Structure formats: structure tokens, C-alpha cells
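What follows is a set of notes on a single structure, which appears directly below.
Note that the structure is a prediction, hence the values are computed from the model and not measured.
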Amino acid sequence: METESQKPFHVDVGNLLAFNPFHNFPSLPTSREELVKECLQEGTKLVQAVADSLFNLPSTEDVDGPLVKLPPPSTKLPREKHLPKPKPPTKWEEFAKKKGIQKRKKDKVVWDEQTGTWKRRFGYDRVNDDKDIPIIEAKMADEPGADPFAKRQDDKKKRVEKQEKNRLQNLKQAAKIGALPSHVQLAATALPITGTQAPPKKVTKDELGNVAGMAATATASGGKFDRKLPGEKPAKKQGKHRKFLPVVEGSGIGSREKEQTENVLNKLISKHSHEILNVGKAVTMYNVKKEKRARNKRSQEGKSASATNKLKPKKQLHKNTGKKGPGSSKKGKAK
Amino acid sequence: MSNNEQTLRFCSSAIMMRIKTPKNGRVRRELEKRAPKLVETGKKTLILQGTKTSGTLNGVLSEIYHLKKGGAVRFTRKNDNIRPFESGGEASLEFFSLKTDCSLFVYGSHSKKRPNNLVIGRMYDHHVYDLVEVGVENFKSIESFNYDKKMAPRVGSKPFIAFVGEGFENVDELKHLKEVLLDLLRGEVVENINLAGVDRAYVCTAISLNKVYLTHCALRLKKSGTVVPRMELVEVGPSMDLVVRRHRLPNEGLRKEAMRTAKDQPKKKIKNVSSDAIEGTIGKIYIPDQKVGDVALPNKAKGVKRERREAKKKEANERASKKQREESE
């Protein structure tokens, strides 16, 4: 909208906006204050122009002051969200349109023949409740042992399930074209189960930590140079820890390699030699035997019979499994 | 926002889906507020900062937050991984925009190459739509202005916006900046406005080809002869020089989609009004049943007056006769 004055400003009353495209600074004012003053002057002119149009709009009196109805803004600005798509018709709606079925408005209360009162259509004390039926007459087609009340309940359950399934299908259809209602969200509960119907086993924390390491061993360099995620620890080494000699021997250590080969050779040769005596072992064995003999002699002097030795209670050879009980339950709770 | 769910499982579908609807009325209303609407009202602004900020930049960000108090969210932690102009550096921004439902953002950062940097951006469907990068110079905060405190503009009032300068028309970057500033400063889009409540104005002047002087003023309405009062601007709020550094325009397809407006809404159905081809507009008026006999008659009929008069006379006579009897006794 342009105002009818000599200075053609672009005025948009809907946004309370005014734009002067003809002003320019032929030379920048020397001081800051002058610049500010000139800007304010120009601003005042523009604001006055907007106010001219604004205050001339028809106003209604209100408690706080005069209210005016703003015209819609003329400057176009981009939206923040996409346009809402209309909801696609549900399967029932399509069917109803094809057949020409009209919607009938239902009353909240319905006349109940049985009690002779007006009862709710659904809810607490409703009209055709299942629990109000005292007697169901048996028909010729019924089996002798079948429970008709349970059958009615089953039928109702099935009907409700079918309805919910249809509702889910309708929502899926709407979600496909992006027109899901704002308060509904569809969430996937579980991945599709293929093969046996066993539920997926829960993995422990340690196992999860090792999985990446295990997978990395399949690479040519054993996963040593793989790019790791931030915070990922290097894989734990599996297997026995092998110690290798340094390539270059430092001073003061001696020839470790010589020692190593010597040990190996001795072991090899000594296997076939029966004269080699393990002095340490022989000494220990002799000492142990001596101590045992001394103990036995002492016990024979102290106690009357040696039969008491045999009646000594057996020491606990295995751990008490009962103690594991509370320990294991604690583990379960911490998870 | 945690939704309480009503869970229904079906084994017939390959991927088991369930329908989540909020059990809480508050959550449902919140979701409906965030749903896309046919006609949009205000946009919310997200104000955040990057790895390093300077003192002036902190001031700028807090003042922008104060100016937009009702519709802005301020994050105070530093965000290292947000780089608006790089292709991968927008993921965090989009996530925040989704969670806070903000479609405008102001990102402040300070570095040697770009001191006091401010990136103002807009989102479409929570994806970055366009960006403008400006540097802030000569910032003067609200505290440094002296003015009569009674005139201070109130929070949430709709501002007047004035753009001065041919730069806004000729220079591409300034044109873009003008559009973005309008979006940022505009506030809510309303149909009715109270004329007593207009008390603020933003003035943006294009000083040079890449510099804009932005200031916030309070309005003083002075009496003039006509209905329209005379406007007086008094600088109150922050004022700063914005130097345009970089900008990114939206790509054409996205721009076309974002500028699409809905066709005029079908007129709201007015009750009891129908239109006929022959007779035109017909209205129905429902009159309740007349209760004849219960209504108080406005004009006292002559008969009523006479009755009253006669009743009064009778009473007077009775009293007189009583007195006589008493006197005689």
C-alpha cells in the first residue's frame, strides 16, 4: 500500500511497517549524534505515515481503549511450517460415500425397555450392557457345554480388536501422506521377528563392550588401526600375555637371549636325562616328610589313641553355595 | 515432553506399531499448538551462543531476549558443534528448533576473524531456510540510555517498524537483511490492535552499502488537531550497527514452498443464516413462547387504577367507622 502523500513510502499497515526507499546519505554525517538524529528524524516521518493510516481505520470502543481491526499484512514472509494437509477419508468414510450412507446424530440417552428409564448410550449405566442379561436361551445350533456369556464377551473383544486394527490401518494411511492428526504418534514397538519367535536376548554391558573389539579382529591388521569413535577404549587383549625380548638390549641387563635359549635347551636335554636332581624339590620333600613324622610322634604322645586322628572332622573342601543366593539377587537389582 | 501412551499391539503387521495419544489434556493442547496451522501467528526465537562470546555480544543477546520476552528461548551454554554456514554444522540447530518449536534463531559467536558475530536464521519445517551473518559494532545497551522511565515500552506490545535507505532496495544482502529483521522484530500477527497500546518503534537505517543502524525507540503520542496524534520517537532500547558479512538465500524450490499461502479460508459458518438462489440471504430468528398473563403490564389500565382507589376509600371508611364506634363507647 502506498500513501497518497508526496513522499511515496511503502506502508504496510498490517505489519505496522513503513519503508522509505528514496533516502540516502550523500555524505556520512561527521559525528555519531548527528547520524543518530538524522536516523530518528527519518524514522519519525515513517512512523507518522503509518500512524496516519492506522488511526484513520474504523475503531470500536473497548474497555482499555479503541480497538481497530488491522488489514492483513501485504509483505509476504515465508511460513514456518508446511501447510497442513487435509485428512484422507477413512475406509468407512469411503464406503459410506459410495453407498450413500448419511451420518445420523445420536442421542446421549436412550430409552431402555427393560428398566423403563432413559439410560446412557455408553458408559457406566448403559442400555444394552452385557452384565444385565439374566438368561440366554439356548438354540438348537449351540453345543451343550459352551458358555454363552463367555462367548458374548469373546465376540465383543474380537470386535474391539478388529476396530482397533482398522483404526491403526487408517492412521498408517494418513501418516503415509503426512496428514497424521497432531495429537497422534505412531511408534514402532519392535523390529520384525523372523525365524523362531524367541525374544531377543539382552546383552550384558561387558559383552557389548567386547563386541566392537571382536568384530575388529576380522580386519587384516586385527583392528589395530581402525578409526575409533570418541570415547571408545582400545580392545582388550584376548589370550595369554606373551613377553618378547627387546630388539636392542640396554646396558646392565646382560644377555637375556642367551639365558632364554639356555633354559630351553636345559629343559629339552634334561627330559631325557635321569641323573639330574632337582635339589630344591628334594630338600622340600625331605623337610615335609620330617615335619609330618614329628607331628605324628607328638600326637601319639599327647593323645591316647590314633583313632582320634581318623575321627577329625573333614575340612570344607568346597565353597558354600548357599552364600551365592543374596549376592546374585543383588546383581539382578543393580541392572 | 513425555506422552502417556495407550498401547495396542498387533502381530499381524510386519513392524509392530502402536498408537501413542496423550492421556493428559495439557500435553494434547501443547501438541496442538505446535501442529502446522493454516494461518500462522508469531514465530518463536531461539537465542544461543557458540564457542566463544565477548562481553558486548553477551549484552546483545540478552537484550534481544528481553525485547522478545514472550516468544523467545535463551540457551546459555556454549555450543561447539554449531556452524550455521557449513553443511554439517546445522544438525544441532535443527534439533533444538524441533524441541523448542522455534523457527527463528539468533546465534552469537566471537572470533578474531569475525568479531561480535551474529547469525540470524530462519527455519522451514525445522530445517534451515536462510541465514544472514552480521557483525555488531557500536553497541549501546538499554542501561546506557537516559529517558523518562514512565514512557518505557511494555513487554509484548506490537512495534512500528521503519526502514530507511535506498540500500534496502538496491543491495541484495540488505534486502535479505530487511526481510529477516522484519520477521525477527515483528512479534505476533494479530487482527485487532488496541490503539492505546502502541508504544514502541524500531528504526533501521542503511548507512552505507553494508551497514545498518538499528535502534529501538519508545513512542510518545502528542495531541494534534486531528484524530491522528503526532508521533515522537525517544531512543530507549539497544542501538547497534550491523555490518552484513555473509548471507545464504533459500534455494528456489524451498522458497516457493514456504511462500505458498492457503486459499482464503471458507467463510466461517454463521449460524441460522442460509442463502437461497431466489430470495438471497435468509436468516432464522427463534422467538421463545410468549407467556401471556405473566408479563407485567407497563401501562396501568384504567380499571386497575379504579380498583385501587375504591380499595383505599373502603379502608378509609372502615377506619372512620371504627373511630366512631370507639368514640361512642
Side-chain angles (χ1 to χ4, degrees), chain A residues 14-25 28 32 35-36 38-40 42-48 50-52 54-56 59 62 64-70 73 75-84 164-165 167-168 171-172 181-192, chain B residues 3 8-10 14-22 28 31-32 35-38 40 43 103 122-125 129 158-166 168-169 179 182-183 186 189-197 201 203 205 207 213 215 217 227-228 231-233 235 255 258-260 262:
Chain A
N15 273 329
L16 298 184
L17 167 73
F19 174 36
N20 178 4
F22 297 103
H23 176 87
N24 65 341
F25 288 97
L28 266 179
R32 183 100 185 140
L35 177 71
V36 170
E38 191 166 345
C39 293
L40 281 187
E42 293 295 319
T44 319
K45 283 187 224 165
L46 285 171
V47 172
Q48 193 67 50
V50 180
D52 282 338
L54 181 67
F55 281 82
N56 283 325
S59 72
D62 199 49
D64 308 313
L67 271 183
V68 290
K69 186 164 180 322
L70 283 177
T75 24
K76 281 180 119 194
L77 288 168
R79 287 178 61 95
E80 63 169 331
K81 293 186 182 127
H82 59 268
L83 281 166
E164 289 303 332
K165 188 162 75 95
R167 178 174 168 231
L168 181 66
L171 284 173
K172 271 196 197 166
S182 63
H183 56 271
V184 175
Q185 277 176 293
L186 285 178
T189 49
L191 292 169
Chain B
N3 288 346
L8 301 139
R9 290 203 174 97
F10 304 96
I15 302 175
M16 308 217 286
M17 287 242 189
R18 62 168 193 239
I19 306 171
K20 281 166 83 169
T21 49
R28 178 185 283 257
L31 281 177
E32 268 172 32
K37 300 181 201 83
L38 218 53
E40 286 184 343
K43 295 186 182 181
S103 50
R122 293 185 286 188
M123 301 269 191
Y124 177 72
D125 255 353
Y129 176 75
K158 193 149 169 74
F160 282 86
I161 311 179
F163 286 98
V164 181
E166 60 181 10
F168 283 124
E169 182 94 356
E179 202 184 311
L182 174 63
D183 229 343
R186 172 157 83 138
V189 181
V190 286
E191 265 199 23
N192 301 320
I193 186 171
N194 189 348
L195 291 178
V203 178
T205 339
I207 309 175
Y213 175 67
T215 178
C217 312
V227 187
V228 184
M231 296 289 187
E232 202 182 291
L233 262 62
E235 263 200 296
R255 199 185 78 87
M259 288 298 208
R260 262 203 295 182

Are [X] and [Y] close enough that some pair of their side-chain heavy atoms sits under 4.5 Å apart?
| X | Y | result |
| --- | --- | --- |
| A:C39 | B:T215 | no |
| B:I161 | A:N15 | no |
| B:E191 | A:L70 | no |
| B:Y213 | A:E38 | no |

Taken in chain and number order and not counting sequence neighbours, the residues that satisfy side-chain contact (heavy atoms from CB on, under 4.5 Å) with A:S182 are B:E32, B:A35
Across all chains, not counting sequence neighbours, the side-chain contact (heavy atoms from CB on, under 4.5 Å) partners of B:R255 are B:Y129, B:P250, B:E252, B:M259
Quick check for you: among [options], which has the greatest number of heavy-atom pairs under 4.5 Å with chain B?
| options | answer |
| --- | --- |
| A:L171, A:T75, A:L67 | A:L67 |
| A:H23, A:H82, A:E80 | A:E80 |
| A:P73, A:G65, A:A18, A:A51 | A:A18 |

What distance separates [X] [atom1] from [Y] [atom2], expressed to the nearest 0.5 Å?
| X | Y | atom1 | atom2 | value |
| --- | --- | --- | --- | --- |
| A:N20 | B:E169 | CG | CD | 10.5 Å |
| B:E166 | A:N24 | CD | CG | 4.0 Å |
| A:L77 | B:D183 | CG | CG | 4.5 Å |
| A:R79 | B:K43 | CZ | NZ | 9.5 Å |
| B:R18 | A:L168 | CZ | CG | 12.0 Å |
| A:T44 | B:F160 | OG1 | CZ | 12.0 Å |

Original post:
Checking B:R260 against chain A: side chain, backbone, both or neither under 4.5 Å from a heavy atom?
Top reply: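 It is both, since atoms from each part get that close.
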Under 4.5 Å to a heavy atom of chain A? For B:K37 that would be backbone
At a 4.5 Å cut-off on heavy atoms, which part of [X] comes close to chain B: side chain, backbone, both, or neither?
| X | answer |
| --- | --- |
| A:D62 | neither |
| A:L46 | side chain |
| A:F19 | both |

Which one wins on heavy-atom pair count under 4.5 Å against chain A: [options]?
| options | value |
| --- | --- |
| B:N194, B:V227, B:V203, B:T205 | B:N194 |
| B:G197, B:G165, B:P159 | B:G165 |
| B:N192, B:I193, B:V190 | B:I193 |

Closest heavy-atom pair, A:G43 versus B:V164, reported as atoms and distance to 0.1 Å, is N-CG2, 4.4 Å
